[in-house]
Amino acid sequence: MSIEFLFEKLFFTKMPLVKIKTYLTEATEIPITPKTVKILKEAETSEIIKRVGKLETEKIEKTEKTEKIIEVISENIFPSHIVKVACVQREIRLVSKIEEYIDMVHNFVKQAAQEKCSLIIFPEYNFFDLFGLIPGFKLLNTIINKKTKNTLDKAKYEQHCNRSKFNKSNKSNNNNFLGKIFRGIAVPIETGVKSIMSFLSEKYGIYIYTGSYILKEEQDIYNAGFLFDPDGNCLGTQRKTHIVEFEKQTGFKRDVKLEVFPFNPEGYSFSDLKIAIPVCMDATYFETFAIARKMGADIVAIPIANMEEYGLWRALRGIWPRVQESYVYGIKASLNGWIAGMHFTGKAGIFAPIGITSKKNGVIALAPHHEGNYLVTACLDLQKLYEKRSGAEYYGDRNYEFEYGL
Amino acid sequence: MKNIVKVAVVEWSKKDISTFTQAESLIRQMEYYIIKASECEAFIIVFPAFTGCLFQLLGASSTVTSTSDINIDYIEEDYFLSQIKNISNKYNILICPGSYWSIEKTHEFESVNGNSNLETEDSGNKKIPPRIYHESCIISNGNIILNQRQIYLARWERQLELSRGLDMKLVNVNGWNIGIILSTDALYPQVSRRLSLMGVDIVLSPVGFLGEKNIALQISGMWQETQQNLFFALESGFNGHLEDIKLWGESIVHAPLEMTECDNGILARTNGKTSFIISELDYDMRKSAISRFDVLSGLNFELYNNAGLFGGKL
């Protein structure tokens with residue numbers, strides 16, 4: 001019996017669909033408590049209300065059941081050209097049972113819905129926590145992480161002494177091990193995650209991008225994510241189109257097609273808003289965003305899990321410049337923490353062309369630290385985007401003879 | 001091939017620009033920096049964008065009151081270039097004299113449908129002004145060894161009805177492939193990618209951006225182009241007015257992030273404190289940096305072709 005098959009069987013056992021659905025139903029049916037009302041009020045009185053000046057506390061106070069809360073949550077309080085979105089920054093935390101994972105996802109979705117967001121984006125490799133379901137993995141993980149951290153410290157010292165010697169020392173050589181696990185867990189995790197996300201998107205009436213998971217198609221594996229609409233329907237899948245060395249070594253394939261998805265939240269005035277959601281390294285290539293824009297996307301979201309030590313300049317190599325050159329809104333969700341000797345860092349954030357942002361720096365909202373758990377939210381003004389784009393000084397020129405060699 | 005070369009980059013400050021009351025004073029200051037760079041044994045010196053344009057305007061200043069009034073008879077680029085060629089003969093250094101407005105003489109007359117270029121008004125065709133390009137070049141030993149027209153235009157350049165260049169070229173000097181990405185083109189990533197795929201090692205990038213200074217805009221240009229293409233880039237900024245047009249830009253020497261001391265992709269910059277910077281470009285260190293973050297090896301041409309991006313030309 002192969003390792004892949006063993007892992008597949010293990011994960012189907014550890015996360016059965018019936019168990020997931022039952023737990024989700026219970027977890028989202030909790031009656032409202034005074035504490036919940038307080039949380040809702042706090043959320044209401046935050047920046048959202050300052051922006052639009054419309055507080056509907058009466059409805060909240062009268063609400064007694066979760067369904068009612070959701071009704072309030074889903075009501076659009078923004079002008080119809082503004083849509084509020086959220087992205088997740090979270091730390092990997094190995095779980096002992098599937099319920100812990102559901103709680104983690106549920107809490108982020110609930111918070112985003114409470115803050116009246118129409119969309120929430122989860123990060124790349126949004127399933128590493130589930131490795132905790134593998135018997136003995138937590139212990140193994142602790143040992144590998146400790147060993148790698150020591151190696152990294154030594155490498156940093158060497159780097160300090162002689163920069164040219166520095167290499168990718170924190171990128172471990174555990175790719176074969178991970179590759180086997182990935183192939184085994186792909187199908188049960190995809191099935192379980194789709195079930196969770198579909199349920200939550202419908203329950204809270206919110207678009208959910210699942211973050212990326214392993215998509216297994218015949219013998220090929222992809223790094224891919226799924227987008228669910230507020231009715232719980234899966235709108236589609238986007239596979240990663242530019243893969244990193246680690247993924248090549250692990251046996252991932254890259255896609256040769258970019259998708260754009262309809263994003264039409266209720267009460268929103270533009271009926272043909274489109275979003276593209278390529279994955280992590282895709283944002284290092286201007287071509288990805290150029291294609292997304294060519295296909296009509298005004299928002300591009302990027303789930304990331306950056307396997308490197310954090311640095312502002314390193315972070316600037318991704319979505320931020322892409323947003324500037326393609327004149328779209330950008331949303332970045334980020335995974336951080338340690339697993340199997342790999343260290344992930346990165347800040348979640350929401351970006352816009354420089355001319356749109358109040359500080360003229362292209363940043364609308366950013367997590368305060370590159371590690372830890374945060375939900376970053378912001379309002380996107382599409383009307384403003386269109387106006388600024390049409391008058392932009394350094395955007396929109398075409399040179400067909402150069403581009404097509406006519 | 002010399003694996004480590006020194007390069008020099010100049011920045012014009014507002015104060016510098018205000019002191020250039022005559023075209024000759026600008027040339028004198030350029031020669032001053034060329035001498036300085038030669039003494040440092042620099043391989044290349046780059047001057048800011050619009051340096052030649054300033055020369056052209058200063059030369060024509062007696063008859064021109066604003067950019068919109070430019071009379072092309074007074075702004076032939078040849079005179080500016082001849083001055084630089086003369087200086088070039090005296091020093092063993094490659095000179096990128098910034099940029100100038102280049103007049104395409106073969107298009108002096110053109111029929112309405114654009115087919116002929118020697119028609120006159122008498123034949124019933126409309127007389128149209130010659131095409132003017134924003135152009136830069138590299139001069140060595142009194143000769144132009146590469147010239148490059150700007151491929152894309154900013155809004156203000158479109159309003160001036162400038163024309164767009166159509167192709168990109170490289171020149172190999174001492175084993176280094178050198179190309180030019182001029183000002184606005186730094187903000188159009190397909191330009192950098194094209195040059196990168198042609199095998200450029202060093203990009204010379206004279207720049208001058210319209211409006212209030214905002215370093216975030218500049219970083220979104222040549223800095224990030226360097227990171228996604230992994231070449232060296234010498235960005236040279238113009239700060240001041242070109243008649244009624246306010247321009248700014250910092251001079252920065254860019255390199256792949258992995259090889260820079262502060263992990264920031266910058267080898268040297270003026271930071272508004274100096275008008276002249278010298279830096280070393282190390283070919284082997286760049287090669288090593290590329291091996292650690294090899295972006296170009298991950299290009300997905302099948303994806304771009306499927307999407308019809310730029311006609312699959314990239």
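In the text below, chain A, chain B and the rest are named by the order of the sequence lines, each starting its count at 1. Values reported hereafter were calculated over all heavy atoms of this structure, with side chains retained and with hydrogens, waters and symmetry mates removed.
- Across all non-hydrogen atoms, the minimal contact from B/Arg155 to A/Ala392 is NE-O, 3.3 Å.
- Going from atom CG of B/Asn214 over to atom NZ of A/Lys359 covers 13.5 Å, rounded to the nearest 0.5 Å.
- For B/Lys213, the NZ atom is densely surrounded, since the number of other residues' heavy atoms within 6.0 Å is greater than 12.
- Around atom CD of B/Glu161, no more than 12 heavy atoms belonging to other residues, nucleotides or ligands sit under 6.0 Å away.
- Across A/Gly396 and B/Tyr188, no two heavy atoms sit closer than the pair N-OH, 3.3 Å.
- Here the CD atom belonging to A/Glu287 is positioned 8.5 Å from the CG atom belonging to B/Leu303, to the nearest 0.5 angstrom.
- Residues B/Arg292 and A/Glu245 fail the side-chain proximity criterion, which asks for heavy atoms closer than 4.5 Å.
- Distance check, rounded to the nearest 0.5 Å: CD of B/Gln224 to CZ of A/Phe286 gives 9.5 Å.
- In this structure, chain B has heavy atoms under 4.5 Å from both the backbone and the side chain of A/Leu316.
- Ion pairing between A/Arg314 and B/Glu258 holds under the 4.0 Å rule for side-chain N and carboxylate O.
- Separating the OG1 atom in A/Thr284 from the CG atom in B/Leu299 is a distance of 11.0 Å, to the nearest 0.5 Å.
- Put simply, CD on A/Glu403 and CG on B/Leu166 are 11.5 Å apart, with the number rounded to the nearest 0.5 Å.
- Each of B/Met168, B/Arg158, B/Glu212 has some count of heavy-atom pairs under 4.5 Å with chain A, and the biggest count is that of B/Arg158.
- Side-chain contact check for A/Tyr395 versus B/Leu187: every heavy-atom pair is 4.5 Å or farther apart.
- Each of A/Arg254, A/Lys248, A/Arg398 has some count of heavy-atom pairs under 4.5 Å with chain B, and the biggest count is that of A/Arg254.
- The side-chain heavy atoms of A/Arg317 and B/Trp223, taken from C-beta on, include a pair separated by under 4.5 Å.
- The candidate from A/Val256, A/Ile291, A/Asp255 with the greatest count of non-hydrogen atom pairs under 4.5 Å with chain B is A/Val256.
- No other option in A/Gly362, A/Ser326, A/Pro353, A/Gly391 has as many heavy-atom pairs under 4.5 Å with chain B as A/Gly391.
- In the displayed structure, B/Lys287 atom NZ is contacted under 6.0 Å by at most 12 heavy atoms of other residues, nucleotides or ligands.
- No cation-pi contact links B/Arg164 to A/Tyr400, judged by a cut-off of 6.0 Å to the six-membered ring centre and 45° from its axis.
- In this structure, the side chain of B/Asn300 engages the main chain of A/Thr241 through a donor-acceptor pair within 3.5 Å.
- Interface residue A/Lys294: only side-chain heavy atoms are found under 4.5 Å from chain B.
- Note that OH of A/Tyr394 and CH2 of B/Trp156 are 7.0 Å apart. Values are rounded to the nearest 0.5 Å.
- Checked by atom type and distance alone, the side chain of A/Asp397 never pairs as donor or acceptor with a backbone atom of B/Ala154 at under 3.5 Å.
- With A/Tyr285 as the aromatic partner, B/Arg193 does not meet the cation-pi criteria of under 6.0 angstrom to the ring centre and within 45 degrees of the ring axis.
- Judged by distance alone, with hydrogens and angles left aside, the side-chain atoms of B/Arg194 form a donor-acceptor pair with the main-chain N or O of A/Phe402 at under 3.5 Å.
- In terms of heavy-atom pairs under 4.5 Å with chain B, the best-connected choice from A/Met281, A/His242, A/Gln324 is A/His242.
- By number of non-hydrogen pairs under 4.5 angstrom with chain A, the leading residue of B/Asn264, B/Asp284, B/Thr184 is B/Asn264.
- Per-residue heavy-atom pair counts under 4.5 Å with chain A were compared for B/Asn229, B/Asp294, B/Asp167, B/Ile219, and the maximum is reached by B/Ile219.
- Using modelled atom types, no side-chain atom of A/Glu393 and backbone atom of B/Leu210 make a donor-acceptor pair closer than 3.5 Å.
- A pairwise comparison of heavy atoms in A/Asn361 and B/Ala216 identifies CA-CB, 4.2 Å as the closest pair.
- B/Gln228 is listed as a side-chain neighbour of A/Arg322, based on a closest heavy-atom distance under 4.5 Å.
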